[in-house]
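Presented below is the structure to which this report refers.
Quick caveat: nothing in here was measured; it's all calculated off a predicted structure.
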Amino acid sequence: MAGVFDRLGEASVAKALQELPTPCYVIDEKIIKENGEVLSRVQEHTGCRILLAQKAFSNYDLYPALAPYLAGTEASGVFEARLGREEMPEGEVHVFCTAYKAKDMEALFNYADHLVFNSIGQLAVFGPAAKSNGISLGLRINPECSTQEEGHSIYDPCATGSRLGVTRAQWDKLMTPDVYALLDGLHFHTLCEQDAYDLETTWNAVEEKFGTFLPDMKWVNMGGGHHITRQGYDIPRLEKLVKEVSEKYGVQVYLEPGEACALNAGYLITTVLDVAENNGITNVILDASAACHMPDVLEMPYRPPLYGAGEAGEKAYPVRLGGPSCLAGDVIGNYSFDKAPQIGDRLIFGDMAIYTTCKNNTFNGMPLPDIHVLHPDSSTTLIARFGYQDFKYRLGSS
Ligand SMILES: *Cc1c(COP(=O)(O)O)cnc(C)c1O
């Protein structure tokens, strides 16, 4: 499994990246495929099916690279469902939407193989027509089992009062035999960047609360958040659990990781625009913005890995890296360098394929970075370039 910057040590890769105008994202096809191989082996060992959660990564030029390893795509709504159907056509298309709209259902019937509902009410309303269109139906359950670190409540669907998934209390109050008869499977998604141990804990809660229904199900979808391609992830432990669940209940298990498909498979290359000292802090301003181009840095929050840099106090020249927007908090993080950064220096952030290109924005009129693919032979292909029109057309006129 790849380290974040392994490929930048190759001279031909370093040279190819050096020539790209900044800011730009670069998606590393070789690492995408390596992730695919890891996921493919889990499927071989367990019989589970693994889907790409497109909300994390939807640069469809790379879907052909992933397709041989995956069973299909997972979508959050009608646009992602269509993208999955169009761009990974041989794969299954599964949709979980927190609330479906009546006007989207016809289109979803065309694109989807599985539809997962977030409430018994929506299952009752839309389920019968979906079923008669041959769609396999599921309900997202909420095992009310938080396994995430403190401070990540934005990513915890099991937080008290959560709107995500049906709790056992809601189920007991609202489920009817007619609606139950529509169900082919159960879905839960409670993890974020977690290991198999947390899945076990969650599974125990699922079994305890919803176990009586499992023998009636054809499939169980264990959602995303499985950091399977991360160095040190306990794959044998995952495989053991998946096999046990499949055998015990006779269900097809699905996993739908987003991050794990494209983990460490992207870079964001930036250039230093300005450097200024204020009260002992050296502010280095880049041509890439946390707020616009790496929004999870602020939302999660986290400090992205930076090629060649150290922790805040580690090397001789401590700096604070920030974006060119007017937002005071558009700060990427505190780092340190062996040499003082100069205007014109290029910096490379790692693990930038996920929750970036599919989530960026033009706040402050900020241009969207180009997107390139880095091929296994170190050549690059430009797959998207943006301009003024991409900023303007979303704001008006007609
Ligand atoms: C976000 C999400 C995923 C993917 O999560 P990752 O953390 O990227 O693996 C999968 N399924 C559902 C329902 C999600 O909301």
Side-chain angles (χ1 to χ4, degrees), residues 7-8 13 15-33 35-36 52-67 70 73-89 91 258-259 261-271 273 286-297 304 323-325 332 346-395:
R7 280 211 80 198
L8 302 191
V13 169
K15 183 164 178 293
L17 300 193
Q18 188 60 39
E19 283 159 13
L20 304 175
T22 71
C24 66
Y25 301 103
V26 178
I27 300 166
D28 193 328
E29 186 184 356
K30 182 164 178 264
I31 295 179
I32 291 278
K33 288 183 169 170
N35 288 339
L52 164 68
Q54 295 175 97
K55 80 163 198 264
F57 177 76
S58 34
N59 295 110
Y60 51 89
D61 290 85
L62 279 301
Y63 286 13
L66 274 173
L70 297 180
T73 53
E74 189 267 342
S76 318
V78 67
F79 283 179
E80 285 185 356
R82 178 174 171 181
L83 189 68
R85 180 52 74 214
E86 287 177 355
E87 300 296 335
M88 209 186 280
E259 292 214 7
C261 296
L263 195 69
N264 293 334
Y267 315 100
L268 175 56
I269 309 181
T270 71
T271 299
L273 299 179
L286 307 176
D287 63 357
S289 153
C292 300
H293 307 142
M294 31 189 141
D296 277 11
V297 163
S325 80
I332 299 152
R346 291 162 69 95
L347 301 181
I348 306 181
F349 293 97
D351 197 18
M352 281 289 155
I354 48 177
Y355 295 102
T356 50
T357 51
C358 54
K359 206 176 170 180
N360 58 16
N361 64 75
T362 57
F363 175 55
N364 268 237
M366 197 76 70
L368 294 170
D370 294 345
I371 308 174
H372 303 267
V373 176
L374 173 64
H375 299 290
D377 68 359
S378 307
S379 65
T380 62
T381 306
L382 178 72
I383 58 168
R385 171 159 283 168
F386 307 93
Y388 177 60
Q389 284 305 323
D390 297 288
F391 160 63
K392 187 179 177 190
Y393 85 103
R394 295 196 299 133
L395 301 171

Residue pair [X] / [Y], side-chain donor-acceptor N/O under 3.5 Å:
| X | Y | value |
| --- | --- | --- |
| T381 | H372 | no |
| Y63 | E86 | no |
| R346 | T22 | no |
| Y25 | N360 | yes |

Is [Y] close to [X] at the side-chain level, that is, under 4.5 Å between some pair of heavy atoms?
| X | Y | value |
| --- | --- | --- |
| M366 | H293 | yes |
| F349 | I269 | no |
| P21 | R385 | yes |
| C358 | K55 | no |
| I348 | L268 | no |
| Y267 | R7 | yes |
| L62 | E29 | yes |
| L52 | Q54 | yes |

For [Y], is there any backbone N or O sitting under 3.5 Å from a side-chain donor or acceptor partner on [X]?
| X | Y | result |
| --- | --- | --- |
| D28 | G266 | no |
| R85 | G91 | yes |
| E87 | L83 | no |

Report the distance from atom [atom1] of [X] to atom [atom2] of [Y], rounding to the nearest 0.5 Å.
| X | Y | atom1 | atom2 | answer |
| --- | --- | --- | --- | --- |
| L286 | I332 | CG | CD1 | 4.5 Å |
| I383 | N59 | CD1 | CG | 5.0 Å |
| C24 | I371 | SG | CD1 | 10.0 Å |
| T271 | D287 | OG1 | CG | 4.5 Å |

Taking all non-hydrogen atoms of both residues into account, name the closest pair between [X] and [Y] and its distance.
| X | Y | result |
| --- | --- | --- |
| A262 | D351 | O-OD1, 4.4 Å |
| P64 | D61 | CD-O, 3.4 Å |
| A16 | T380 | CB-CG2, 4.1 Å |
| A288 | P324 | O-CD, 3.5 Å |
| L66 | C261 | CD2-O, 4.2 Å |
| T356 | M352 | OG1-O, 2.6 Å |

Checking D390 against T362 for the side-chain contact (heavy atoms from CB on, under 4.5 Å) test, could you report, in this order, the C-alpha distance in whole Å, the side-chain angles of both residues, the deciding distance, and whether it holds?
CA-CA 8 Å; D390 297 288; T362 57; 5.7 Å; no

Could you tell me how the ring of F391 sits relative to the ring of Y388: parallel (under 30°), tilted (30 to 60°) or perpendicular (over 60°)?
tilted

Kindly determine whether L374 and V13 satisfy side-chain contact (heavy atoms from CB on, under 4.5 Å), including the steps that lead there.
CA-CA 8 Å; L374 173 64; V13 169; 3.7 Å; yes

How about R82: does its CZ atom have over 12 heavy atoms from other parts shown lying under 6.0 Å from it?
no

If you draw a 6.0 Å radius around CZ in F79, do more than 12 non-hydrogen atoms from other residues or ligands fall strictly inside?
no

For F57 and E259, run side-chain contact (heavy atoms from CB on, under 4.5 Å): C-alpha distance rounded to whole Å, both residues' side-chain angles, the deciding distance at 0.1 Å, then the answer.
CA-CA 7 Å; F57 177 76; E259 292 214 7; over 6 Å; no

